[in-house]
Amino acid sequence: MKRAQIAVAVVLAAPGLRAQGYRLRLDNRAQSVSFRGVTLDSIPASDTVSGPGGGPATPDGYAVTCGSNGYCIFYRPGAEVHAVPISSTADFLLWGLGLPGLSVHGLARGTVQAGDSGSWPVTSPAVELLEGYAEYATERVTAQLGRQNVATRLGYTGFDGGRVMLRDAGRGLDLSAFGGWGLARGFALPVTSPALNPLDEFRPQSRQLVVGAGAGWRRARFDAHLDYLREVDPSTRYFVSERGAFDLAVRPLPGWSLTGGADYDFAAGLWGSADVALRYEDPTGRIAAEIGARRYRPHFDLWTIWGAFSPVPYGAVDLSVSASPIRALRLRATGERYRYDDAAASTPLFDAKTDGWRYGWGATYTLAPRWSFDGGYHAEFGPGASSRGFDATVTFAARERLDLSAYGSTLDRPLEFRYDQSSLRAFGLTADARPASWIRVQLDAGRYAEDRRRPDAAAFSWNQVRAALRVILLFGSEADLAGVPPAVRGMPQAGTP
């Protein structure tokens, strides 16, 4: 700890920087994974035999999938694979740059991999700048410049550019506008990056331009917000997408709230996803209930071919209830019924289901200040497959700064449109230690035992062992916080990573 503080202090001790303050959070994670691999194999269609289900199979009993080229493919059990993905995320904040309200924010991640796994998912590129921007904040105005993400009902929008936010607290009004060169949805990479194109799909040849705006009005019992987002391909001047959204929240009585919203795709001329929910929570916190309805329609940018397949939306009605009959016990239950719209597709060989349901229940019991138990059951029955399983966790607070847990779970998945059924059993141990205010260490070791039941020779297990280590380091200066923006002063302190 002392060496790290000295190193940072040396950097900040340059002329003119002595009044600076900083916050640095390092989140380091490593995972060791061991699992069975698979090997793709093929056989001439003329060499296949009739399998247990009547379809084609290899002479040694593997079910195959045959193509028009005269060959059939299948998977054999492969060698055991070992992988050790390692990542480190740095979250940095610097203020006191000579102008009150001016600060610099940075969020970067580095990943490497070891073992014989080949390319472990999400380890390329090795270094990513997730966010990096300068911010100037006052009571009424906030301006940001650099790489940033904006979260709205339309999702996370990443871009390299600028954003301005205006606030009038007395009237409860806020306005915002942003624009710049866009990033791919869900990634800190431009859509033109080869790392995001494994299918060799046609993509824009240059980064899209992104502009957006938002407006909000907040009162004691009412909130409303509007959002607008447009993305354009500058090389063709064609729209990538154009959407708008609104959110509403009404609190008519203490404990009661009604929320809802929807989005509209101007480019496609379609309503997108929408939801509405009525919630009640007892002032004592002993009873809470929510009933809602939602409709989900996936959104695709206009340059991609996937939108041509007319993805089918679905609607759902859900209910959740939680209650504490006694102080040490919390009971909960959830349920949902959903149905897909008519896909206008013919299935002459069978009747395809278009609806399903899911439900779950559970409880948390605090036996003593140091002991707590949590368990539950969940099940889902829908088109193509179903699943059901139990989960349980026992936690012991050995000390004020140490928590130990043991967990176990089951998952059974009979697959309607597949050739097999899967039964998974998992169990493991975790430890969460906070030896000092600037460090937190988490350990997790688990065993996953999966049994595949199918009539052919491919009924091999997918058992695996996983061990994970996470170390969080927190550093901060002792500079005076006077003049620091309220958003900065409200950040979690070193003892709450």
Side-chain angles (χ1 to χ4, degrees), residues 22-31 83 85-94 103-113 119-136 142-165 176-214 227 229-235 240-241 243 298-304 306 470-473 487-488 491 497:
Y22 72 93
R23 294 288 187 271
L24 175 62
R25 183 179 190 268
L26 298 177
D27 190 341
N28 309 284
R29 308 187 189 203
Q31 184 176 194
I86 303 171
S87 68
S88 181
T89 302
D91 191 348
F92 184 68
L93 173 64
L94 179 68
S103 59
V104 175
H105 303 246
L107 180 65
R109 179 176 61 201
T111 57
V112 296
Q113 63 172 340
S119 180
W120 187 258
V122 200
T123 55
S124 178
V127 178
E128 293 180 274
L129 178 62
L130 306 179
E131 286 190 327
Y133 59 90
E135 177 182 276
Y136 174 72
T142 298
Q144 298 172 342
L145 182 63
R147 172 162 294 187
Q148 50 196 296
N149 289 280
V150 176
T152 67
R153 186 181 185 87
L154 300 174
Y156 283 90
T157 302
F159 61 95
D160 295 326
R163 184 185 186 198
V164 176
M165 293 159 281
S176 65
F178 61 88
W181 291 268
L183 301 173
R185 192 168 294 110
F187 293 91
L189 295 171
V191 71
T192 55
S193 172
L196 301 180
N197 196 13
L199 301 180
D200 196 25
E201 184 183 18
F202 172 78
R203 288 173 178 259
Q205 298 185 6
S206 57
R207 296 178 61 177
Q208 70 269 24
L209 295 176
V210 176
V211 295
D227 289 295
L229 178 65
R230 173 186 287 189
E231 301 176 71
V232 178
D233 182 353
S235 61
V240 171
S241 70
R243 294 186 293 161
H299 168 76
F300 296 99
D301 293 333
L302 295 182
W303 59 260
T304 178
W306 298 110
R470 182 183 184 188
V471 179
I472 302 174
L473 302 175
V488 175
M491 291 182 63

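Every heavy atom of this structure was used, including side-chain atoms; hydrogens, water molecules and symmetry mates were not.
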Quiz item: salt bridge (charged side-chain N to carboxylate O under 4.0 Å, His left out) with Asp160: which residues, sequence neighbours excluded?
Solution: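 Asp160: salt bridge (charged side-chain N to carboxylate O under 4.0 Å, His left out) contacts with Arg147, Arg207.
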What pair of heavy atoms forms the shortest contact from [X] to [Y], and how long is it?
{"X": "Leu183", "Y": "Ala188", "value": "CD1-CA, 4.1 Å"}
{"X": "Asp301", "Y": "Ser241", "value": "OD1-CB, 4.0 Å"}
{"X": "Thr111", "Y": "Ser87", "value": "CG2-CB, 3.7 Å"}

Quiz item: For Phe178, what residues pass the ring pair (Phe, Tyr, Trp, His ring centres under 6.0 Å) criterion, not counting sequence neighbours?
Solution: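 Expected list: Phe159.
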Could you tell me which residues satisfy side-chain contact (heavy atoms from CB on, under 4.5 Å) with [X], sequence neighbours excluded, listed by chain and number?
{"X": "Arg230", "answer": "Val211, Tyr228, Val232, Phe239, Glu242"}
{"X": "Asp27", "answer": "Arg25, Arg29, Thr89, Arg470, Ile472"}
{"X": "Leu26", "answer": "Leu24, Asn28, Ala90, Leu473, Phe475"}
{"X": "Val104", "answer": "Leu94, Leu97"}

Quiz item: Hey, are Gln148 and Glu131 close enough side-chain-wise for a donor-acceptor pair under 3.5 Å?
Solution: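 No - no donor-acceptor pair under 3.5 Å links their side chains.
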Exercise. Check the pair Asp233 / Gln208 against side-chain contact (heavy atoms from CB on, under 4.5 Å), numbers first and verdict last.
Key: CA-CA 5 Å; Asp233 182 353; Gln208 70 269 24; 5.5 Å; no
Exercise. Mind running side-chain contact (heavy atoms from CB on, under 4.5 Å) on Thr152 and Leu229 for me, showing each step along the way?
Key: CA-CA 10 Å; Thr152 67; Leu229 178 65; over 6 Å; no
Exercise. Report the C-alpha distance between Thr142 and Tyr136 in whole Å, list the side-chain angles of each, state the deciding distance to 0.1 Å, and finish with yes or no for side-chain contact (heavy atoms from CB on, under 4.5 Å).
Key: CA-CA 6 Å; Thr142 298; Tyr136 174 72; over 6 Å; no
